[in-house]
Amino acid sequence: MEVGMFLRTAFTNGGYLIFLFLSGLLLYRMMACFVTVKPKLWWTVALFLTLGGSSAMIIWVGDPNLFYTLPVFLLLVMLCTRGDPVGRLAVTVIFFCLIMAVCALLDTYLARIEMIASQDYDIVCRILRPACFGLLYLLLRRHLPQGVVSLPRRLWKLVLGLSMMPLCAMMTVVLLNYHSWDSQPLYAAALRQGLVVLPFTLITSVILLFVILVLADHEALEQEVRLAGFREIYYQGLQREQLQVRTLRHDLRNHVTAVRGLLEQGETEQALGYLSQMTESSSLGGGNRFCDNETANVVFSAKSKEMERRGLQGTFRVSLPKILLVADMDLCALLGNALDNAMEAAEKGQDKTIAVYCRADKGLLMLRVENALAGDEKPDLSTTKADKAAHGFGLMGMREIAKRYGGSLEATAANGRFELVVCLPL
C-alpha cells in the first residue's frame with residue numbers, strides 16, 4: 001500500500017514525464033542508427049517527442065487509436081529525417097509496429113493480472129514501457145553501427161515489403177476485433193488472438209531490425225571487395241607502365257648501339273626513323289620527377305601526362321619520402337582516384353586548372369586537390385553517371401582508405417571550386 005502511494009505521489013509530481021523521456025531517449029538512440037536525422041536541432045527534438053509521445057499512447061486490442069496514430073507517426077518521422085524515402089518509410093513502419101506492440105501488450109494484458117491493483121495499473125504500465133524499450137536497446141546495442149545504416153534502394157524495397165507483415169498482423173487485431181468488448185465471448189476471443197499476434201508483431205519487428213543490420217554488413221563487405229578489386233586493377237595498370245619504363249631504360253644501351261651501327265653504315269634516314277620511334281614512346285620519356293616515393297611519382301607522372309593530353313593545367317607541390325607507411329596499392333588508389341575525379345570535373349568546366357598539394361610532415365600524410373566544379377554535381381557528391389554499378393567508387397574508395405588508416409576525408413564544394421582534403425596518420 002505504501003509503495004503504491006509513493007508511486008502515485010511521484011507520478012503526480014512529474015515522475016510520468018521522466019519515464020516518457022526515458023522511452024523517447026531509448027527509441028531515439030535506436031532509430032538514429034537506421035535513419036539520418038535532419039541536422040537542425042528542432043528536427044532532433046521533434047523526432048524525440050514523436051517517439052516519446054507515441055510510446056505513451058494507450059492502445060487496446062480492438063482499439064481504433066492505432067489508425068489515428070499511424071499516419072501522424074509516419075508523417076512526423078518522415079519530416080524529421082532525410083535520405084532514401086523507401087528506407088526511411090521501412091524503418092518508420094518497423095518502429096511503429098515495435099512501439100505499438102509493446103504498448104498494446106502492456107495496456108491490454110497487464111490489467112488482467114490480479115496482483116496489480118486497479119489504481120496502480122496505469123503507473124505500472126508507464127514504468128514497464130521504458131523497461132521494455134531498454135531491454136530491446138540492450139539486445140541491439142552490440143550490433144548497432146557507429147554511423148547510420150546504409151543500404152541500396154533494392155534492399156530497402158525488400159525490407160519495406162517484409163515490414164508489411166507485422167503491420168498487417170497488428171492491423172488485423174484492430175480490424176477484426178473493433179468494438180469486440182461489446183460482447184464478452186468476442187472479447188475473450190480477441191484477447192486470445194492478440195496474445196498471439198502482438199508478440200509476433202514485436203518479435204518480427206526486432207528481427208527485421210537485425211535483418212537490416214546483417215544486410216548492411218553484407219553490403220559493406222561486398223563493397224569493400226569491389227573497391228579492393230578496383231584498386232588492384234588500377235595498381236596493376238600502373239605497375240605495367242612502370243615495368244615498361246624499366247624495360248625500355250634497361251634496353252636503352254641496345255637502342256643506342258643499334259643507332260650507332262646505322263650511322264656507321266651511313267644509313268642516316270633509318271637511324272633518324274629509329275630515333276623518332278624511340279622519342280615517341282611515352283614510357284621512355286620518363287616524365288617529371290615529383291618526389292622520392294616511387295609509387296606516388298609514377299601516379300603523378302602518369303596523371304600529369306594525362307592532364308596535358310586533355311588540355312588541363314596541373315600545378316603540383318609534392319614532398320613525399322622514399323618510404324611511406326601506406327601500402328602502395330592504397331596510395332596508388334588514393335592519389336589516382338583524387339586526380340581522376342579532378343580531371344573529370346575540370347574537363348567539363350571553364351576553369352581548366354587543377355592544384356595538387358601532397359606532403360608527409362609531422363606524422364601525417366596530407367593530400368589536397370582543388371579544381372573547378374563541373375556544374376552537374378549532386379549535393380552528396382555521388383556519381384552523375386548512368387551506370388551506378390560501374391562508377392561512383394572513387395570518393396567512396398578514398399573514404400574507405402582514410403577510415404582504414406584512422407584518417408579523415410573532407411570534400412567541400414563552394415564558390416565554384418571543389419576541394420578534397422585527405423589526412424592519414426603515419
Heavy-atom closest contact (Pro130 atom, Leu22 atom, distance): CB-CB, 3.9 Å
Partners meeting side-chain contact (heavy atoms from CB on, under 4.5 Å) with Lys403 (sequence neighbours left out): none
pair Lys322-Asn293: side-chain heavy atoms closer than 4.5 Å: no
Test item: Lys157 and Leu160 side chains (from C-beta on) under 4.5 Å apart, heavy atoms: no
Set of residues satisfying side chain to side chain donor-acceptor pair (under 3.5 Å) with respect to Ser55, sequence neighbours excluded: none
Side chain to side chain donor-acceptor pair (under 3.5 Å) contacts touching residues 77-101 (sequence neighbours left out): Thr81-Arg88, Asp84-Arg153
Side chain to side chain donor-acceptor pair (under 3.5 Å) partners of residues 349-363, not counting sequence neighbours, each pair once: Asp351-Thr353, Asp351-Arg417
Non-hydrogen side-chain atoms of Leu213 and Pro145 separated by less than 4.5 Å: yes
Closest non-hydrogen atom pair, Ala372 against Ala345: O-CB, 3.7 Å
4.5 Å side-chain heavy-atom contact, Ile99 and Leu51: yes
Between OG on residue Ser408 and CE on residue Met366, distance to nearest 0.5 Å: 11.0 Å
With sequence neighbours excluded, residues passing salt bridge (charged side-chain N to carboxylate O under 4.0 Å, His left out) with Asp292: none
Pairwise side-chain contact, Val159 with Ile94, heavy-atom cut-off 4.5 Å (strictly under): yes
For Tyr28, all residues meeting side chain to side chain donor-acceptor pair (under 3.5 Å), sequence neighbours excluded: none
Using atom types as modelled, flag every donor-acceptor pair under 3.5 Å from a side chain in residues 197-208 to any protein atom, sequence neighbours excluded.
| from | atom 1 | to | atom 2 | distance (Å) |
| --- | --- | --- | --- | --- |
| Thr201 | OG1 | Val197 | O | 3.0 |
| Thr204 | OG1 | Phe200 | O | 2.6 |
| Ser205 | OG | Thr201 | O | 2.8 |

Between CG on residue Asn297 and SG on residue Cys291, distance to nearest 0.5 Å: 5.0 Å
Reported CG-to-OG distance for the pair Leu155 and Ser150, which is rounded to 0.5 angstrom: 10.0 Å
Pairwise distance CG(Leu312) to CG(Asn371) - rounded to 0.5 angstrom: 9.5 Å
Worked check of side-chain contact (heavy atoms from CB on, under 4.5 Å) between Leu331 and Leu324: CA-CA 9 Å; Leu331 183 62; Leu324 279 174; 4.0 Å; yes
Minimum side-chain heavy-atom gap Trp156-Ile212 below 4.5 Å: yes
Which atom pairs, one a donor and one an acceptor, fall under 3.5 Å between side chains of residues 33-48 and the rest of the protein, sequence neighbours left out?
| from | atom 1 | to | atom 2 | distance (Å) |
| --- | --- | --- | --- | --- |
| Lys38 | NZ | Leu79 | O | 2.9 |

With sequence neighbours excluded, residues passing salt bridge (charged side-chain N to carboxylate O under 4.0 Å, His left out) with Arg368: Glu370, Glu419
Any Ile354 side-chain heavy atom under 4.5 Å of Met343 side chain: yes
Between CD1 on residue Ile401 and CG on residue Asp330, distance to nearest 0.5 Å: 5.0 Å
Shortest non-hydrogen contact from Arg129 toward Ala56: NH1-C, 3.2 Å
Results of ring pair (Phe, Tyr, Trp, His ring centres under 6.0 Å) for Phe96 - residues two or more places apart only: Phe73
Under 3.5 Å, which donor-acceptor pairs do the side chains of residues 132-144 form with other protein atoms, sequence neighbours left out?
| from | atom 1 | to | atom 2 | distance (Å) |
| --- | --- | --- | --- | --- |
| Tyr137 | OH | Arg29 | NH2 | 3.0 |

Audit row: Cys358, Phe300, side-chain contact (heavy atoms from CB on, under 4.5 Å) steps and yes/no: CA-CA 10 Å; Cys358 187; Phe300 286 132; 4.1 Å; yes
Leu209 vs Leu98 side-chain heavy atoms within contact, under 4.5 Å: yes
Leu365 CG to Leu334 CG distance, which is reported to the nearest 0.5 Å: 7.0 Å
Side-chain donor or acceptor of Asn337 paired with backbone N/O of Ala333 under 3.5 Å: yes
Closest heavy-atom pair and its distance - Leu20, Gly52: CG-O, 3.7 Å
Glu306: partners by salt bridge (charged side-chain N to carboxylate O under 4.0 Å, His left out), with sequence neighbours left out: Lys303, Arg309, Arg310
Trace of the side-chain contact (heavy atoms from CB on, under 4.5 Å) decision for Val72 with Leu74: CA-CA 6 Å; Val72 177; Leu74 291 176; over 6 Å; no
Candidate pair Met30 and Leu27, rule side-chain contact (heavy atoms from CB on, under 4.5 Å), full reasoning: CA-CA 5 Å; Met30 285 190 285; Leu27 290 168; 3.8 Å; yes
For the student: nearest non-hydrogen atoms of Leu420 and Ala411, plus distance: CD1-CB, 4.2 Å
Which atom of Pro321 lies closest to which atom of Ala360, heavy atoms considered: CD-CB, 3.7 Å
